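Have a look at the structure below, then the notes.
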There are 2 protein chains.
Amino acid sequence: MTQIDRKAIPVPALRRMPAYCNYLKSLTLKGVVYISTTAVANDLNLIPIQVRKDFEYTGLSGRPKIGYNLEMLIEAVEYILGWNKMSNAVIAGVGNLGKALLSYQGFKNYGLDIIAGIDEDKKKQGKEVAGRKIFSPDQIGALVKENKIGIGIITVPVESAQAMADLFVKAGVKALWNFAPVMLIVPADVVVQNENLASSLAVLSQRIKQQKEK
Amino acid sequence: MTQIDRKAIPVPALRRMPAYCNYLKSLTLKGVVYISTTAVANDLNLIPIQVRKDFEYTGLSGRPKIGYNLEMLIEAVEYILGWNKMSNAVIAGVGNLGKALLSYQGFKNYGLDIIAGIDEDKKKQGKEVAGRKIFSPDQIGALVKENKIGIGIITVPVESAQAMADLFVKAGVKALWNFAPVMLIVPADVVVQNENLASSLAVLSQRIKQQKEK
DNA sequence: TAGATTGTTAATCGATTAACAATC
DNA sequence: TAGATTGTTAATCGATTAACAATC
């Protein structure tokens with residue numbers, strides 16, 4: 001099971017992997033067997049050399065003039081992305097965003113199964129959203145143990161985000177996906193991935209400004 | 001009104017700006033007047049030199065031993081982020097995610113006002129979500145003209161994303177914020193900002209893997 | 001074979017980090 | 001003054017892009 005460790009993939013390359021994966025899968029439906037980096041680049045609006053570099057990280061090699069074996073390539077990319085095995089998650093904060101994430105069916109394809117929700121609101125507790133039951137924050141510990149929860153998703157308001165992170169950490173969760181616009185303080189062995197719409201919006205605004213200047 | 005153009009801020013620095021802005025604003029409540037980059041770095045888990053570099057982009061200068069004037073700094077950062085002036089947006093696709101974004105109150109602080117929704121579903125048309133009316137896709141043109149819509153937000157399913165983008169483009173919208181996991185094809189003068197949860201999840205999974213190896 | 005495509009090494013580019021004199 | 005903090009120039013690091021021989 002212990003696979004030889006290829007060197008870690010740079011984050012920018014990693015971020016492009018899902019797009020490759022979806023694209024490559026769409027090709028299987030068309031009966032494609034070999035695919036060249038030139039073709040991929042062309043269809044995804046990238047340059048061939050970047051695709052070539054990115055595919056290097058799969059550890060596979062392609063055949064000159066022919067390209068890569070599509071099936072193996074997809075498998076390798078899925079392995080890199082971890083889409084081949086499921087992680088269980090719990091989402092804390094079943095407001096609008098929480099509901100949206102709970103209801104989103106696509107995560108299952110991305111190796112993520114959000115198995116339950118958590119909310120302080122007693123009216124929500126015991127009810128279901130998209131077939132997932134909502135629990136009280138007190139129950140995090142039990143939930144985590146019983147369901148091998150690896151990821152805690154935080155969609156509570158800013159004010160409660162740190163407290164919720166603390167609860168997750170106390171329950172033994174080592175990875176947090178944080179949608180609240182705060183820097184969470186956690187022990188060194190806990191990974192926090194911040195999702196920040198404000199940042200993206202900032203990038204968009206700047207690009208709009210620059211576009212207008214042309 | 002045409003301000004002298006400071007050189008464009010690198011994207012990574014820009015992405016850090018919202019965090020600075022929120023943090024700095026929280027300081028005003030405490031009556032802080034001058035703030036040093038050392039203190040900011042300390043509170044935001046960054047290194048002082050990075051903060052110093054980032055603050056350089058504001059065009060302001062700080063006073064050795066004292067720091068930066070908080071009020072001016074906030075103003076400068078808000079200017080960079082464009083949070084000082086509103087852009088109107090319309091959101092296409094009032095499913096779970098669409099509803100979540102429509103209902104999120106925070107965007108107003110980020111200079112974004114989502115003034116209406118668009119959905120193919122006739123049952124949704126004419127109704128309201130979070131006080132915003134839902135229209136039919138046919139009405140995009142009129143909506144855009146009447147409300148000076150600068151940004152089209154796409155939260156429709158993958159299959160309809162390109163078609164919706166085309167409608168926005170046809171209506172004259174020059175900026176799209178795309179939450180559908182596809183590469184949209186648009187004219188060169190249209191800016192597309194892709195929001196990709198799959199990418200973030202990929203980064204999170206890799207970091208979890210690496211953490212476990214330690 | 002000819003020519004497209006790969007694999008690999010080197011060059012470029014840009015962001016981060018370091019170093020240190022200037023300043024309050 | 002002494003020492004913290006700034007502003008600025010240089011060094012480092014890593015990703016992207018270029019170049020080109022190897023290969024099918």
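Here the structure is a predicted model, which means the values were calculated and not measured. Values below: all heavy atoms of this structure, side chains included; hydrogens, waters and symmetry mates excluded. So that the names make sense, note that chain A is the first sequence line, chain B the second, and so on, each numbered from 1.
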Exercise. Nearest to the side chain of E56(B) - dC24(D), dT8(D), dT5(D)?
Worked result: dT8(D)

Problem set entry | Side-chain N or O of Y68(B) closer than 4.0 Å to phosphate OP1/OP2 of dG7(D) | yes

Exercise. Could you state the CD1-P distance from I47(B) to dT16(C), rounded to the nearest angstrom?
Worked result: 9 Å

Exercise. Please give, in whole Å, the distance from dT16(C) C1' to R15(B) CZ?
Worked result: 17 Å

Problem set entry | R16(A) vs dT16(D): side-chain N/O to OP1/OP2 distance below 4.0 Å | yes

Exercise. Across all strands shown, which nucleotide pairs with dG3(D) by Watson-Crick or G-U wobble geometry, both distances under 3.5 Å?
Worked result: dC24(C)

Exercise. Charged N to carboxylate O under 4.0 angstrom, K85(A) versus E78(A)?
Worked result: no

Problem set entry | Expected output: side-chain Q211(A) to main-chain K174(B) donor-acceptor under 3.5 Å | no

Exercise. Taking atom C1' of dT17(D) as reference, at what distance in whole Å does atom CG of L46(A) sit?
Worked result: 13 Å

Problem set entry | Proximal nucleotide (of dT6(C), dT16(D), dT5(D)) relative to the K65(B) side chain | dT5(D)

Exercise. To the nearest 0.5 Å, what is the distance between CD (Q105(B)) and CG (N96(A))?
Worked result: 9.0 Å

For this session: Please check if the distance between the ring centroids of Y68(B) and Y34(B) is under 6.0 Å.
Result: no

Exercise. Does N194(A) reach the main-chain N or O of N196(A) with its side chain, forming a donor-acceptor pair under 3.5 Å?
Worked result: no

Exercise. Which nucleotide, dT8(D), dT6(D), dC24(D), lies nearest any side-chain atom of T38(B)?
Worked result: dT6(D)

For this session: Ignoring backbone atoms, test whether S61(A) places a side-chain nitrogen or oxygen under 4.0 Å from the OP1 or OP2 oxygen of dT6(C).
Result: no

Exercise. Rounded to the nearest Å, what distance is computed from the NZ atom of residue K53(A) to the C1' atom of nucleotide dC20(D)?
Worked result: 13 Å

For this session: Measure from the side chain of Q50(A), starting at C-beta and using heavy atoms only, and say which of dC24(D), dT17(D), dT8(C) lies closest.
Result: dT17(D)

Problem set entry | Base-pairing mate for dG14(D) - Watson-Crick or G-U, with both contacts under 3.5 Å | dC13(C)

Seminar exercise, completed: M72(A) CE to dT6(C) P, in whole Å, measures 15 Å

For this session: Let me know the distance between CZ of F55(B) and P of dG7(D), rounded to the nearest Å.
Result: 11 Å

Seminar exercise, completed: Atom CG of L60(A) and atom C1' of dG7(C) are separated, to the nearest Å, by 14 Å

For this session: Please tell me which of the listed nucleotides, dG3(D), dT23(D), dA19(D), lies nearest to the side chain of I49(A)?
Result: dA19(D)

Exercise. Would you say a side-chain N or O of R52(B) is under 4.0 Å from OP1 or OP2 of dA18(C)?
Worked result: no

Exercise. Taking the side chain of P64(B) as its heavy atoms from C-beta onward, which of dT23(C), dT6(C), dT17(C) lies nearest to it?
Worked result: dT23(C)

Seminar exercise, completed: Whole-Å distance, N42(B) CG to dA4(D) P, equals 15 Å

